[in-house]
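Side chains are part of it too, since the values below use all heavy atoms of this structure and drop only hydrogens, waters and symmetry mates. Each chain gets a letter, A, B and so on, in the order the sequences are listed, and its residues count up from 1. Because the structure is a prediction, the values reported are computed rather than measured.
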Amino acid sequence: MQLPDAEVVYKNLAAKIQADRGKDFALVGIRTGGAWLAERLHRELANTKPLGLLSTSFYRDDFDKIGLHAQVKPSEIPFEVNGAHILLVDDVLNTGRTVRAAINELFDYGRPDSISLAVLVDRGGRELPIIAQYLGVAFEFPDEKMLELKQDANGKFSFNLYRKNSPE
Amino acid sequence: MINRNPQLNEHGELQHLLTTEGLPSAILLQILDTAESFVGVTERDVKKVPLLRGKSIFNLFFEPSTRTRTTFEIAAKRLSADVINLNVAVSAQSKGETLLDTVNNLSAMNADMFVVRHAQSGAAHLIAKHVRSDIHVINAGDGSHAHPTQALLDMFTIRRYKQDFRKLRVAIIGDILHSRVARSQIHALTTLGVPEVRVIAPKTLLPKMVERLGVHVYHDMAKGLEDIDVLMMLRLQNERMRGANLPSQEEYFKYYGLTPEKLAFARHDAIVMHPGPMNRGVEIDSAVADGKQSVILPQVTFGIAVRMAVMSILTGNQA
């Protein structure tokens, strides 16, 4: 299967957000892939608001099934959420459950004026009424595969497609 | 059959927290790392996460305790669990019910977790062996055996202020003999790689062969505190002191009470810890307890995050 070029997709996504500059977003990346994306967008779009990072571990709805991830990293929201226009950033949008967890968590910091969503890849398979306002590429692939964003030492992105339950 | 650590499930994950003894450093560090995330939660406007929504946690205190019970209660509530506090010392057991009958009754009320404090060493272990495999048990102090969450919050506090365990000299000072806190601290410190752990106490307040735990024994504060980075004070346990282990509290304070003068023997940037409740003027002078080097109140704050971490890690691990 031909995977899209992650760098091309990233630039496409960045350009779409850039075109909407009127909106002075506070960027919030979902760990881990979304956090890399948000960090790079924050830098390259010269966003002036402090960058937020979310770990949705404490808000997941599958905690009873999979437990707590061994390496939970703290959430960091270094700005006032009340009244903020937040752009939530993630790498892959699938069921929408991670985004649901992230939205719930943000509301425990305050009441934002709005939350929009930017994702690199929409792979379909939604189980909740969630859509991305900013999208790099829509790319469907078989259910048993997982798409993972990777970042090399120079900060360049690439995709890795692997079979579920057997990550490389 | 392999004789497995009764706290771990067959995947080597933490199923109950009964003691720090024999726990691998990876599990201790997982608890400390997870607690870091919960410190962030407790600093927000909304100090609650929905992780344990719908779970029932029973605080089973067969021995009086205010601070430990309260911090467990706050931790459970901040995880959105339902908490039921049972002061069993004045309840069913005084009517003659056995420990396991009490536990059976509460299990029948669909408990998900027991937090147990008991005057008998091994009580939490007995309950953990007895309950259904989907119920988790946390030892909140059993006799003079163990108090693992206190030791873990102490480790968390040390890491916050001193970063690297592998470069530290730590002294535990006071009534080691009766102290479940000291035992749990010693096991945690040595597992996390602290190269030198000392105990400082009069002979009458040291267990026999305490050196076997890997500690260096001192009877003199001036010598024992030299080059020390972390001072872990213990409470003089009057209620456990049957007979004459000590001439008098005044005498004890004179030789072992932590005054600014004695603290000066340690490194100038040493931190002073105490698990509470403090006997001011007995094991610690107010000038030290309230002084610049004291981290006694941060210990209490971190205790909540550490207990949140333990509760959520246990709940996430299936039998």
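Counting only heavy atoms from C-beta outward, the side chains of B/L52 and A/F63 approach each other to under 4.5 Å.
Between B/R44 and A/D108 the shortest heavy-atom distance is NH2-CB, 3.3 Å. Across all their heavy atoms, A/P74 and B/S37 have their closest contact at N-OG, 3.2 Å.
Between A/L68 and the choices B/T34, B/L314, B/T315, B/N317, the side-chain contact (heavy atoms from CB on, under 4.5 Å) rule is met once, by B/T34.
By the 6.0 Å contact criterion, NZ on B/K162 is enclosed, its count of non-hydrogen atoms from other residues, nucleotides or ligands being greater than 12. Residue B/K129 places its NZ atom among 12 or fewer non-hydrogen atoms of other residues, nucleotides or ligands, all under 6.0 Å distant.
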- Query: Can you list the steps and then say if A/Y59 with B/V49 is a side chain to side chain contact (heavy atoms under 4.5 Å, CB included)?
  - Reply: CA-CA 7 Å; A/Y59 288 79; B/V49 293; 3.5 Å; yes
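Only the backbone of A/S57 comes within contact range of chain B, with heavy atoms under 4.5 Å apart. Heavy atoms closer than 4.5 Å to chain A are found in the side chain of B/V41, but not in its backbone. Of the atoms belonging to B/K47, not a single heavy atom falls under 4.5 Å from chain A.
Top candidate by heavy-atom pairs under 4.5 Å with chain A, chosen from B/G40, B/P50, B/S80, is B/P50.
From B/L51, atom CG reaches atom CZ of A/R60 across 11.0 Å, with rounding to the nearest 0.5 Å.
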